[in-house]
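All remarks here apply to the structure that follows.
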Amino acid sequence: MQPGVSGKYRPFPTVPLKDRTWPDKTITRAPAWLSTDLRDGNQALFEPLDPAGKLKLFRMLTDIGFKEIEVAFPSASQTDFDFVRELIEKGHIPADVTICALSQCREHLIRRTMESLVGARRAIVHIYAAVSPVYMEKIFAKTPAEVVEMAVSSTKLIRELAAAQPDTEWVLEFSPEHFFASELPFAREICDAVAEAWGATPERKLIVNLPGTVEMTTPNVFADRIEWMCRNLKHRESMVISVHTHNDRGTAVAAAELALMAGAERVEGCLFGNGERTGNADLMTLALNLYTQGVASGLNFSELDKIARANEELTGLPVHPRHPYAGDLVFTAFSGSHQDAIKKGMAGRGGADAWEVPYLPVDPEDLGRGYDSIVRVNSQSGKGGVAYLMETAHGLVMPRRLQVEFSGAVQRHADAKGGEITPHALWELFSAEYLKLRKPVLYAGHHLIERAKGQGISLTVSVDKKTIGLSGKGNGPIDAAVHALGMPISLHSYEERAVSQGADSKAVAFVEVSMEGVKGMTFGVGIHENIVTASIKAVVSAVNRLLTMAPKELRTSLLEGLVED
Ligand code: KIV
Ligand code: ZN
């Protein structure tokens with residue numbers, strides 16, 4: 001029922017925290033990370049991972065650097081139970097990695113969970129109980145006091161079972177589920193009660209994981225709730241405060257970041273934001289957000305593309321092309337003004353340490369990406385993008401006015417054909433515009449004649465398959481070639497430089513010319529191993545462009561004027 005307000009949805013209550021401190025904080029160090037890709041992420045897949053897929057993902061997570069990994073919900077599925085057993089029995093868990101297993105607060109499920117963890121060097125047993133009024137009533141049909149009792153008796157049971165397995169270092173994690181919508185004093189009460197039942201101390205802390213099970217408000221309200229908890233929990237010193245945000249409103253990452261400013265020390269989430277419904281907080285984005293603020297995250301995403309492709313293969317979920325950091329298009333600019341700015345920023349990088357390239361918040365090379373896709377050309381691209389691609393993909397640095405002239409041709413081509421122009425297609429277009437112009441005048445050869453004063457040239461061209469020998473003299477080869485052609489041409493600029501294509505290095509010459517009777521100026525371009533030949537070809541290229549632009553009578557008369565000496 002849209003638009004309109006019906007009373008169906010109500011504003012979420014704010015927190016009575018007048019002297020909140022988190023807005024003035026900055027994040028100066030990384031939180032402890034827990035990946036729940038194999039639990040929250042896995043349970044949200046169309047097709048949960050098979051054992052081989054789970055092991056592959058587990059290894060990828062440890063390679064990235066996760067030290068805490070929630071690997072399963074062993075009491076909910078035999079596959080999960082077996083996976084935990086396989087990890088432990090086959091020695092797949094690195095010495096500095098702790099696995100975590102989730103369980104509801106029910107005796108037989110806890111027993112089964114503890115059984116799955118037998119033999120682990122260190123293990124986190126993670127129990128959860130819903131604490132929001134609606135969930136307590138609808139899920140459990142229990143009073144708040146009964147829910148506290150359920151959490152406390154589960155904790156005592158885990159304590160007892162843990163004491164019977166002293167070779168394992170046991171850690172308890174408690175999640176008051178749907179903390180987002182709970183009454184804060186009640187959330188505090190249940191967390192403190194669990195801490196007491198566990199016998200938590202500053203040396204043996206309880207992980208209190210405060211979940212935004214369903215994200216319900218702006219991230220600042222979540223941060224207020226975290227600050228309220230940190231300030232009011234009786235046993236705060238004996239707890240690690242963790243957050244587990246979901247992305248229902250699209251702000252799971254922001255909520256986790258503000259929660260860190262508000263006192264949280266640990267974050268749970270998944271790679272690329274996988275997880276129930278809209279997903280969990282994206283730990284890759286969170287970690288790279290820290291990295292781009294100069295804070296070491298402890299996680300390694302320097303081969304991000306590889307991680308993204310492996311994750312896609314495992315989960316069957318594509319990484320969106322505009323996903324922060326990992327999307328195919330996030331380092332690509334199509335728009336002319338962005339391309340121009342990037343081109344200038346990249347050119348001016350020099351040896352400076354600080355990364356200050358406009359429109360690129362992070363150096364793509366830091367994530368294992370090259371610079372080749374930064375600029376892509378379509379009908380919105382300007383001269384900056386075209387010039388950047390010609391330079392980076394083809395080693396051709398164009399004079400500025402040629403950039404403008406050629407980008408007009410690119411624009412016309414893109415408008416006519418639509419879509420993107422690849423670097424290869426761009427070169428083909430450049431060749432057709434400047435290098436392969438054989439009509440109406442085809443350059444066939446030349447030789448220079450040294451004169452006491454100036455330069456002589458004997459130039460062979462062909463027009464309509466008729467070979468014509470021409471000669472001229474001037475103060476250099478270009479001037480001599482212009483005179484040999486006998487056309488009313490003025491040369492306005494000339495540049496030459498090297499162009500490297502693959503292993504070859506050739507000379508490229510650019511001439512900018514105008515012709516009486518033809519409006520405007522144009523460029524001609526020649527490429528050859530020999531710089532003089534490149535220059536004469538550039539003159540012929542420019543003449544052909546001018547003749548194409550010339551009125552028909554002028555063109556005919558100029559071509560008829562090409563007479564053999
Ligand atoms: O989203 C949630 O509340 C959970 C809990 C089990 C932590 O996944
Ligand atoms: Zn969750």
Side-chain angles (χ1 to χ4, degrees), residues 31-45 48 66 68-77 80 84 99-106 109-110 112-113 116 124-136 138-140 147 150-151 154-155 158 171-182 184 186-187 190-191 194 206-217 219 222 225-226 229 239-253 255-256 259 264-283 286 315 317:
W33 306 103
L34 173 125
S35 153
T36 183
D37 287 84
L38 285 157
R39 198 279 295 168
D40 213 321
N42 186 51
Q43 76 190 39
L45 297 177
F66 286 102
E68 292 184 0
I69 302 176
E70 190 164 51
V71 291
F73 199 157
S75 62
S77 98
D80 269 25
V84 181
I99 57 167
C100 170
L102 182 71
S103 172
Q104 290 175 352
C105 286
R106 292 168 69 186
L109 302 180
I110 288 171
R112 179 91 173 133
T113 306
S116 76
I124 301 171
V125 188
H126 179 185
I127 50 169
Y128 68 101
V131 296
S132 73
V134 174
Y135 278 37
M136 283 190 286
K138 302 225 158 144
I139 300 179
F140 301 134
V147 175
M150 185 174 76
S154 299
T155 302
I158 294 167
V171 179
L172 181 67
E173 172 170 352
F174 173 65
S175 289
E177 197 194 10
H178 210 26
F179 161 77
F180 222 128
S182 64
L184 284 170
F186 178 65
I190 194 167
C191 292
V194 170
L206 168 74
I207 299 172
V208 172
N209 182 48
L210 302 172
T213 303
V214 178
E215 185 171 57
M216 300 184 68
T217 182
F222 187 64
R225 295 176 72 80
I226 300 299
M229 288 293 277
M239 295 170 172
V240 173
I241 300 297
S242 173
V243 291
H244 173 117
T245 54
H246 276 270
N247 201 35
D248 300 81
R249 295 168 50 99
T251 53
V253 166
E265 308 151 276
R266 180 179 182 271
V267 176
E268 299 196 351
C270 293
L271 294 177
F272 310 105
N274 187 25
E276 290 282 17
R277 305 178 311 285
T278 50
N280 288 78
D282 173 5
L283 296 187
L286 265 165
T315 61
L317 295 171

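Read the numbers this way: they start at 1 and go in the same order the structure lists the ligands and their atoms.
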key: Heteroatom proximity flag, E177 to ligand 1, N/O under 3.5 Å   = no
task = Give yes if a backbone or side-chain nitrogen or oxygen of D40 is under 3.5 Å from a nitrogen or oxygen of ligand 1, and no if not.
result = yes
request  = Please find the N/O/S atom of D40 nearest to the Zn ion (ligand 2) and write down its name.
outcome  = OD2
query = Would you say the side chains of E70 and H126 form a donor-acceptor pair under 3.5 Å?
reply = yes
key: Polar contact flag for H244 and ligand 1 (N/O pairs, less than 3.5 Å)   = yes
ask   = Where the side chain of N247 meets the backbone of A252, is there a donor-acceptor pair that is under 3.5 Å apart?
value = yes
request  = Find the distance between SG (C270) and CG (D37) and round it off to the nearest 0.5 Å.
outcome  = 4.0 Å
inquiry  = If I take atom CD from residue Q43 and atom CZ from residue F73, how far apart are they, to the nearest 0.5 angstrom?
reply    = 7.0 Å
key: Geometric N/O contact T213 with ligand 1, under 3.5 angstrom   = yes
ask   = For ligand 1, which atoms sit closer than 4.0 Å to a heavy atom of P211?
value = 3 (O)
message = If you measure every N or O of H126 against every N or O of ligand 1, does any of those distances drop under 3.5 Å?
response = no
Option from D40, T213, T36 for which side-chain hydrogen bond (donor to acceptor under 3.5 Å, both in side chains) with H244 holds = D40
request  = Please report which non-hydrogen protein atom sits nearest to atom 6 (C) of ligand 1, along with the residue it belongs to and the distance in Å to one decimal place.
outcome  = R39 NH2, 3.6 Å
query = More than 12 heavy atoms of other residues, nucleotides or ligands under 6.0 Å from CZ of R249: is that the case?
reply = yes
request  = Would you give the angle at the Zn ion (ligand 2) between H246 atom NE2 and H244 atom NE2, to the nearest 10°?
outcome  = 100°
task = May I ask whether E276 places a heavy atom under 4.0 Å from ligand 1?
result = no
key: ligand 1 contact on H246 by region, counting heavy-atom pairs under 4.0 Å   = side chain
Sidechain-backbone polar pair: S182 side chain, L184 backbone, donor-acceptor under 3.5 Å = no
Ligand 1-proximal atoms of Q43, by part, heavy-atom distance under 4.0 Å = neither
request  = Considering heavy atoms of the protein only, find what lies nearest to atom 7 (C) of ligand 1 and give residue, atom and distance to 0.1 Å.
outcome  = S175 OG, 3.6 Å
ask   = Just wondering, do L102 and V125 contact through their side chains at under 4.5 Å, heavy atoms?
value = no
query = Can the ring centroids of F222 and F180 be said to lie less than 6.0 angstrom from one another?
reply = yes
